[in-house]
Amino acid sequence: MKKEISKIYNPKGVEKRWYDFWMDNGFFRADPNSSKESFTIMIPPPNVTAELHIGHALNNTIQDIFIRYKKMKGYETLWMPGMDHAGIATQNVVERQLAKEGLDRHDLGREKFVERVWEWKKEKGGKIIEQLKTLGFACDWDREVFTMDEQLSKAVTEVFVSLHERGHIYRAKYIINWCPRCGTALSDEEVEHKELQGHLWHLKYPVDGSPEFVTVATTRPETMLGDSAVAVNPEDERYKNLHGKSVILPLLNRKLKVIQDSLVDPEFGTGVVKVTPAHDPNDFEMGERHGLEKINILNEDGTLNENAGQYAGLDRFEARERILKDLEAEGLLVKIEDHDHSVGHCYRCSTIIEPYLSEQWFVKIAPLAEKAIDAVKSGKIKLHPKKWIKTYDHWMENIRDWCISRQLWWGHRIPAYHCEECGEIMVAREEPEKCAHCSGALKQDPDVLDTWFSSWLWPFSTLGWPDKTAELKSFYPTNTLVTGNEILFFWVARMIMSGLEFMEAVPFTDVYLHGIVRDEQGRKMSKSLGNGIDPLKMVNLYSADAVRYTLLSLAPEGQDIRIGEKDFEIGRNFTNKIWNAYRFISSKIDDKDLPELNYSELELADEWIISRYNYAVASISDDIENFKVSSALDNAYKFFWGEYCDWYLELIKERLYSDDEARVNSALSVAVHVFKGTMQLLHPFVPFVTEEVYTELSGEKSIMLSSMPISDESRINRAVEDKMSLIQELSTAVRTIRSQMSVPPSVKATLILRSNSKENLEIIEENRSYIENLCKLDSIELNGKSERPKLAATDVVKNIELIMPLEGLIDIELETERLNKALHNVEGALKAVENKLVNKSFVKNAPPAVVEKEKQKKHDFSEKVTKIKTNLKWLTNAS
RNA sequence: GGGCGCAUAGCUCAGCUGGUUUAGAGCACCGCCCUUACAAGGCGGGGGUCACUGGUUCGAAUCCAGUUGCGCCUACCA
């Protein structure tokens, strides 16, 4: 009975069916009580607002590879899934929704608004989870968590209070990054610096009690309204006359002291700086040093406040224009220079950030950073690729305190309580009833915590911390963290700090940092550019396996990836190749029971593919263990397509089509053995198609329950591979002649081989049918007595002379050209080798084995040259 | 300003600790083939002074230094 199998692999249906099967059978579930060694990966939690993009697809494919590989290696694997509440992003989404109804969040009030966000989350949020499933990811979905879940919130409170108790959290009035659109403070990491073309405006400030002026240079002229001094470098000779004097702030006519501070760079601008302590971090420092007034001129929304005099109420950029115009009218704007500088933007809404003076909560980070630096330095945590270690060190060593309070409503409320009577602040796990100091009424701090303040606890909060759970015991520390390199500081570094502080152990042992997926022109994919590729569309078009395969095959280790929609054909073609190899083998099996692989009955091709297979098993496993996943896939591809399909399956066709059942069975048993193993190796990369063909072929329940093949190094046989490569080279040479001389497969040809190597002749004699079948030859004559034909195409392979009589078919001119080219090449190679051997220091210094090799080469090349020359002569004589 | 990375075929990239004939793959290109797994395929072919300069070495795409170009990160770039 022949099974009807489609000529083309049709993934539709297959993928959904298997995913449901895996889920229904609980294959993704992790058992904390298992006796097996555990292997754990924490998913980088996608934002609840996120929709699947190609970066998620890559990130999670890599994780899935590790998880599926380790599971088949016998580990108890846990891939912990979950989502991030994404404070700003989520609040923005719901606020936009409200705006459509003509409302803002204040119309609802805090409680109602937060309710509304939860509603939104239930209805529209978390789409990405379902989307991830279409790509086949083996997360333990039963464990899915959300950073705002009760358990995780408990962890956040515990950490805040406990850090506070340890003196690592403080509240202070400081210059922070303020997003006027989001209306909240941001941490340094949440500010994206973009290089902008700006201007350096030179402004004249009149010197008090003198007809003179000083000229200051600024990129933000509107901040002059908040100036409380001008500063010069104390060493600057040009301005020594100003020491002790004052200047008059134009427009507002305020008197400003001239101060001296070594922070001022005499080389930059005019060497005189306006000092605005409330709106610039450097000026803030100077203000502290010189006891200057801090004049805040901005409202929270970026408009100017009452301190801005006649400019109050204007937007900051409008104010800039107006101020410049007014200064110009007074003749105080003396020069405008082009000036490129980097400007901070909000990472969520791209609004230009204002350095803003406000009261915020901070984490004193230096004490935490110290241990985290050491964890990486000592190798307790390894970064892959290693190049990130330097970047990590540099960042950690220069880290500044972490501003963790956000003026948002969506997030974890800060567990601090302010006394309405005496102003006392109490930090506590449970809300205290009254002020411990004066028994006054308490009000909880209105701010919420930075979203990253919950995600930095991810490796243990997801496992039930601060409770002592079985999960924590089994799965912490986790093993590998896979994430984009852009998130190293935001998240990875902070998890290391929190893990060491609260678990007293690293949160993971290895960090795999991959690059960013870009479009074909190397641009970041973004909504505004419209150059994104929708992974779901690609899954629909090409299959999930194809998407996974393509992404990975294009992903150089840790580097950015360029990709276009058409590239997904690579993956589709590969799965189709698997399908057809399966189809071929399976058509030969029919219903019969397959005999076990019998190593004593193998012929050359079998031994060869088994040797190559065992080599492939070793190299692919090595690659995965060493975090070289795309190299692993490349090796799997090369073996499966380039060796198994291109050579082995071709070599056994003669046996498979024969009537001799024993011959059929021996070939088939090897073919199936190697195919099954290859599917297992490939399963982590392309889980669906491998599951489909593996189970069909083996009758087993699931490939996921099978064990990853282990390389039997004793089957790697160099001698066999050498023999086989002789067959391959000869075959290629014959095929080349046929192709060049346009001899179609339908025309059978004869091949004459001549050699004085007894060894090579024996190999060919034993395996002549391989060459005959691969090259569609009638016969091969080995060192025969027949006359050399007048007209023949020729070649030389490993000192074996190939002669193909092609009377009537040969194009003499073409063949001459071909031989001349070959001659030229070999002569070049010969020359290079000779040059080496003539060089006395080479012979003296190079290892003997290398010298010996070169001598052998020289011998071979010169012999080949002679033979080609002879063949050329024959051609000339014949024409 | 500092740091890191990249530069190999028309394009995307392999090439790990120097020695695989004269550097590989995929895509693209050319030729032949609907050969009894696969035209989403097979077989063959063309195409590269490995960015530049210098150094180390018997020997460099590979190691070192510098130069140029590009990218990313980072900074108290008024």
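The analysis underlying the following values was restricted to heavy atoms, covering all of them including side chains, and did not include hydrogens, waters or symmetry mates.
Nucleotide B:C33 holds its P atom 20 Å from the CG atom of A:L774, rounded to whole Å. Between A:K7 atom NZ and B:G41 atom P there is a gap of 13 Å when expressed in whole angstrom units. Across the protein-nucleic acid pair, A:I561 atom CD1 and B:C72 atom C1' stand 15 Å apart, rounded to whole Å. Between the NE2 atom of A:H394 and the P atom of B:C73 there is a distance of 15 Å, rounded to whole Å. One interatomic measurement links the two molecules: CD1 of A:I516 to C1' of B:C73, which rounds to 11 Å at whole-angstrom precision. In this structure, A:L633 places its CG atom 16 Å from P of B:C13, rounding to the nearest Å. In this structure, the CG atom of A:L196 is 13 Å from the P atom of B:A78, given to the nearest Å. Put simply, CG on A:N485 is 12 Å from C1' on B:G71, counting in whole angstrom units.
Heavy atoms from other residues, nucleotides or ligands lying under 6.0 Å from NZ of A:K858 number 12 at most.
At a threshold of 4.5 Å between non-hydrogen side-chain atoms, the residues A:S586 and A:L697 count as touching. Side-chain contact check for A:D280 versus A:I175: every heavy-atom pair is 4.5 Å or farther apart. Between A:D283 and A:M286, the closest side-chain pair of non-hydrogen atoms falls below 4.5 Å. A:I8 places none of its side-chain heavy atoms less than 4.5 Å from the side chain of A:W579.
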Dump the pairs, protein N or O against N or O of nucleotides 57-60 of chain B, anything under 3.5 Å, distances to one decimal.
from  : atom 1 : to     : atom 2 : distance (Å)
B:C58 : OP1    : A:N845 : ND2    : 3.4
B:C58 : O4'    : A:S841 : O      : 3.3
B:C58 : O2'    : A:N839 : ND2    : 3.0

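Every residue two or more places apart in sequence or in another chain that forms a side chain to side chain contact (heavy atoms under 4.5 Å, CB included) with A:Q260 is listed here: A:V232, A:P234, A:H243.
In the model, A:Y347 has no side-chain atom that pairs as donor or acceptor with a side-chain atom of A:E192 under 3.5 Å.
Closest contact between the side chain of A:R735 and the listed nucleotides B:G44, B:G42, B:A75 involves B:G44. Picking from B:C27, B:C38, B:G44 the nucleotide with the shortest atom distance to the side chain of A:R583 gives B:C38. Of the candidates B:G42, B:G41, B:U20, B:G41 carries the atom nearest the A:N573 side chain, counting heavy atoms from C-beta on. Distance from the side chain of A:F489 is smallest to B:C73 among B:C73, B:A78, B:C38. Distances were taken from every side-chain heavy atom of A:Q740 (C-beta onward) to each of B:A40, B:C13, B:G44; the shortest belongs to B:G44. In the set B:C38, B:U12, B:A25, B:U12 carries the atom at the smallest distance from any side-chain atom of A:L554. Considering only the side chain of A:R572, B:A40 comes nearest among B:G44, B:A40, B:C27. Checked against B:C72, B:C77, B:C76, the side chain of A:R518 finds its nearest nucleotide in B:C72. Distance from the side chain of A:L263 is smallest to B:C76 among B:G45, B:C76, B:A28. For A:K387, counting side-chain heavy atoms from C-beta on, the closest listed nucleotide (B:G44, B:U74, B:C4) is B:C4.
The same atom, C1', is picked in B:A51 and in B:U8; the two are 10 Å apart, to the nearest Å. Of the P atoms belonging to B:U17 and B:C63, the separation is 6 Å, rounded to the nearest Å. Going from the C1' atom of B:C50 to that of B:A23 covers 8 Å, rounded to whole Å. Rounded to whole Å, the P atom of B:G41 lies 7 Å from the corresponding atom of B:C27. B:A25 and B:G47: their P atoms are spaced 14 Å apart (whole Å). Across B:C34 and B:A14, the matching P atoms stand 39 Å from one another, rounded to whole Å. Rounded to whole Å, the C1' atom of B:A9 lies 5 Å from the corresponding atom of B:G48. For the C1' atoms, the distance linking B:G3 with B:U56 amounts to 27 Å, nearest Å.
Residue-level contact check: A:K638 touches neither bases nor backbone, having no heavy atom under 4.0 Å from any strand. Residue A:D646 is in sugar-phosphate contact alone, with no base atom involved, counting any heavy-atom pair closer than 4.0 Å across all strands shown. In this structure, A:R818 reaches neither bases nor backbone, as no heavy-atom distance under 4.0 Å exists between it and the strands shown. Contacts of A:K577 with the nucleic acid, taken as non-hydrogen atoms under 4.0 Å apart, include base atoms. Within the nucleic acid shown, A:Y637 comes within 4.0 Å of sugar-phosphate atoms alone, with no base atom in reach, counting heavy atoms only. Using a 4.0 Å heavy-atom cutoff across all strands shown, A:K821 reaches sugar-phosphate atoms only and no base atom. Heavy atoms of A:V216 sit nowhere under 4.0 angstrom from any nucleic acid atom. In this structure, A:T732 reaches the sugar-phosphate backbone alone: every heavy-atom distance under 4.0 Å involves primed, P, OP1 or OP2 atoms, never a base.
Taking the centre and axis of the six-membered ring of A:Y637, the NZ or CZ atom of A:K577 falls outside the cone set by 45° and 6.0 Å.
Taken together, the paired segments of RNA chain B that extend over three or more consecutive Watson-Crick or G-U pairs, each closer than 3.5 Å at both contacts, are B:1-7 with B:68-74, B:10-13 with B:24-27, B:29-33 with B:41-45, B:51-55 with B:63-67.
Here A:K831 does not pair with A:E834 in a salt bridge; the nearest charged N to carboxylate O distance is not below 4.0 Å. A salt bridge links A:K867 with A:E863; the closest basic N to acidic carboxylate O contact falls under 4.0 Å. In summary, A:E721 and A:R718 do not engage in a salt bridge, as defined by a charged side-chain N under 4.0 Å from a carboxylate O.
Note: A:F627 and A:H384 have parallel aromatic rings, judged against thresholds of 30 and 60 degrees for the angle between ring planes.
Mapping A:G828 and A:E650 onto RNA chain B via the closest heavy atom, the residue that lands nearer the 5' end is A:G828. Where A:T736 and A:Y644 meet RNA chain B, the nucleotide closest to each residue was compared, and A:Y644 sits on the side nearer the 5' end.
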Take A:V851 and A:E854 through the test side-chain contact (heavy atoms from CB on, under 4.5 Å) and record every step on the way to the result. CA-CA 5 Å; A:V851 178; A:E854 292 300 316; 5.7 Å; no

